[in-house]
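Reviewing the structure listed below.
Side chains included, hydrogens not; waters and symmetry mates left out as well; all remaining heavy atoms used. Atoms within each ligand, like the ligands themselves, are counted from 1 in listed order.
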Amino acid sequence: MLNRRKFLTAAVGVASAGALAACAKEDKGSTGTGSNGGGGGKKLTLGFSQVGSESGWRTANTESVKSAAQEAGFTLKFSDAQQKQENQISAIRSFIAQKVDVIAFSPVVVTGWDAVLKEAKAKNIPVVLTDRSVETSDESLFVTLVGSDFTDEGRRAAKILEKVLEKAGHKGPVKIAQLEGTTGAAPAIERAKGFKEVMDAEHKDDWKIVVSQTGDFTRAGGKQVMSAFLQSNPDIDVLFAHNDDMGIGAIQAIEAAGKKPGKDILIVTVDGVKDGFVAMSEGKINAIVECNPLLGPQLMEVVQKVKNGEKVERWVKTEESDFLQEQAKDALPTRKY
Ligand code: GZL
């Protein structure tokens, strides 16, 4: 996870990574013509390890990466880890053995990457993180992160919940259930952190998270955990779900319990996938904090720069908005994922 301290030390990382990329460029040499790959014509080969296919967000992200790689004229070696870190580590080792030009991956969890990233560094293969970040003691192990600020998404979720509560005319204490993303994943850790920051600063006396558990970013997980929440805490006022898919699963549980989602229990989610907007247009989700999965084009631009040995920002952030229920119907036709 990137923070200011890490950002400052990362300047060294970028310099050495730039050298890495330059080495990679020198090692490759290249013949032939053509515009892609930055090596004077040899096609750039990108090894990409994807988390899995756990949510609508992930499906859209995979599609964006694949189509952008094709558009860029790169050879893409793509691996779906089915949400298992060991599968991602194996895939990265395979990319190293295949001597790809650049490795990019969305780390399923934040820890446990130093060893394999050191292996990539030893072979002069630059690594680009996309979507999620990692915790590492050696900032030179990756060049940059192309992705969202999840802590800010958590803050935005709390701020938009204030508007939802006001619109609903809610008075007095607010009992909140939280459906967390995958345990140990950057978006889960950071969205919870950002939400709690606002809660502690501005709602210490009236908001309380009465129950919080992971639904692993899946619809099934959201439905199962929400059912359990309703057994133990039947008087929940609000659900904050770390992604739309868990929110959609929770809606099924809420309706099965004879309650009205979006009315009896106000719901704020993160992502902004089409099904989330449909649920919001039906009045079942009250607000969505967007997390843009269409990172493909930005990622390929960064990959090309890294291959060319050009300097890149330590964090290439994605632009995103927030949506209230009344905006859902108008926004639906233009949603791209
Ligand atoms: C966020 C991404 C998260 C989404 C979930 O960038 O890592 O993983 O919010 C997805 O939908 O499963």
Fill in the blank from the handout: Sorted by chain and residue number, the residues with a non-hydrogen atom under 4.0 Å of ligand 1 are E54, S55, W57, R58, D131, R132, F150, P187, R191, F217, N243, D271, C291
Problem - D322 (side chain) donor-acceptor with A287 (main chain) under 3.5 angstrom - result: no
Exercise for the section: Return the orientation label for the F323 and F277 ring planes: parallel under 30°, perpendicular over 60°, tilted otherwise. Expected result: perpendicular
Practice task
Validate the cation-pi geometry between R191 and F195: distance from NZ or CZ to the six-membered ring centre under 6.0 Å, angle to the ring axis within 45°.
Solution key: no
Problem - Ring-face cation of K66 near F78 (centre distance under 6.0 Å, axis angle within 45°) - result: yes
Practice task
Decide whether a cation-pi geometry holds between R132 and F105; the criteria are a distance under 6.0 Å from NZ or CZ to the six-membered ring centre and an angle within 45° of the ring axis.
Solution key: no
Exercise for the section: Apply side chain to side chain donor-acceptor pair (under 3.5 Å) to N61 and list each qualifying residue two or more places apart in sequence or on a separate chain. Expected result: Q50
